[in-house]
Colleague: 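I have a structure here, written as structure tokens, and I will follow up with some questions on it.
Just so it is clear, the model here is predicted, and its values are computed rather than measured. Note that the numbering runs from 1 along the sequence shown for the chain.
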Amino acid sequence: ALRVFQTPQFAALCGQIFRRLFRVYGIIYSSFFGTLEALQMAPHLNTCFKHFMFFCTEFGLLPEREMEPLEVLVKPIRKQYHLSKGK
């Protein structure tokens, strides 16, 4: 069962899933952020997104071109990640 994680098909599927999750974050930030701020839930969203980006950066799951729409949010998070890793 563990061999499935080492196949190219599994890696491609994971990449596709993370690209789609990133797009969901994009929709949430562009369409619903005001509502989340009003409900005082924005810090929770920001924390989830930060952890998501740390994970994606660590394992190289998102191509640069996919991150361009949220570059304003992504750039500081990736900078913080690289500073914490000493890169």
Side-chain angles (χ1 to χ4, degrees):
L2 293 177
R3 286 187 217 150
V4 74
F5 297 117
Q6 299 171 353
T7 63
Q9 296 87 359
F10 182 76
L13 179 63
C14 284
Q16 186 179 28
I17 290 169
F18 277 87
R19 283 192 303 276
R20 289 180 179 178
L21 281 171
F22 185 80
R23 291 173 187 165
V24 169
Y25 275 111
I27 291 167
I28 292 170
Y29 273 106
S30 65
S31 300
F32 302 107
F33 192 73
T35 304
L36 292 172
E37 275 188 318
L39 295 171
Q40 299 179 348
M41 294 176 65
H44 300 290
L45 173 66
N46 292 337
T47 300
C48 289
F49 184 66
K50 180 179 172 181
H51 286 263
F52 175 79
M53 285 308 304
F54 276 13
F55 188 83
C56 289
T57 303
E58 176 74 25
F59 296 104
L61 296 171
L62 291 172
E64 294 291 326
R65 71 181 188 285
E66 289 287 333
M67 293 185 266
E68 287 176 8
L70 293 179
E71 187 64 29
V72 173
L73 297 171
V74 170
K75 199 172 193 176
I77 292 172
R78 293 182 78 196
K79 182 178 179 182
Q80 181 184 5
Y81 173 81
H82 290 302
L83 287 174
S84 72
K85 288 291 186 176
K87 293 180 180 179

Colleague: Hydrophobic clusters here meaning ILVMFWY residues chained together by side-chain heavy-atom distances under 4.5 Å, can you tell me if M67 and I27 are in one?
Modeller: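 Different clusters: M67 never reaches I27 through Ile, Leu, Val, Met, Phe, Trp or Tyr contacts under 4.5 Å.
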Colleague: So, taking the atom named CZ in F32 and the one named CE in M41, what distance separates them when rounded to the nearest 0.5 Å?
Modeller: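 F32 atom CZ to M41 atom CE measures 12.5 Å (nearest 0.5 Å).
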Colleague: Apply salt bridge (charged side-chain N to carboxylate O under 4.0 Å, His left out) to E68 and list each qualifying residue two or more places apart in sequence or on a separate chain.
Modeller: none
Colleague: How many angstroms lie between atom CZ of R65 and atom CZ of R19, to the nearest 0.5 angstrom?
Modeller: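 Answer rounded to 0.5 Å: 7.0 Å.
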Colleague: When rounded to the nearest 0.5 angstrom, what distance separates NZ in K50 from CG in L73?
Modeller: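 Interatomic distance, K50 NZ to L73 CG, rounded to 0.5 Å: 13.0 Å.
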Colleague: Out of curiosity, Q80 CD to M53 CE, how far, rounded to the nearest 0.5 Å?
Modeller: 12.0 Å
Colleague: Starting at CG of N46, measure out to NE2 of H51 and round the result to the nearest 0.5 Å.
Modeller: 11.0 Å
Colleague: Can you find a heavy atom in the side chain of L62 that is under 4.5 Å from one in the side chain of V74?
Modeller: no
Colleague: What class does the angle between the rings of F49 and F22 fall in, given that below 30° is parallel, 30 to 60° is tilted and above 60° is perpendicular?
Modeller: tilted
Colleague: Does Q40 have more than 12 heavy atoms from other residues, nucleotides or ligands lying within 6.0 Å of its CD?
Modeller: no
Colleague: Between F54 and I77, what is the shortest heavy-atom contact and its length?
Modeller: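 Closest approach of F54 to I77: CE1-O, 3.4 Å.
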Colleague: Using side-chain heavy atoms (C-beta onward) and a distance below 4.5 Å, is L45 in contact with F33?
Modeller: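 Touching, per the 4.5 Å side-chain cut-off.
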Colleague: Between Q9 and L13, is there a side-chain heavy-atom distance shorter than 4.5 Å?
Modeller: no
Colleague: For a 4.5 angstrom cut-off between non-hydrogen side-chain atoms, does H82 reach T57?
Modeller: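 Yes. Closest side-chain heavy atoms under 4.5 Å.
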Colleague: Which pairs pass salt bridge (charged side-chain N to carboxylate O under 4.0 Å, His left out) with one or both residues in residues 20-45, sequence neighbours excluded?
Modeller: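 Passing the test, one end in residues 20-45: R23-E66.
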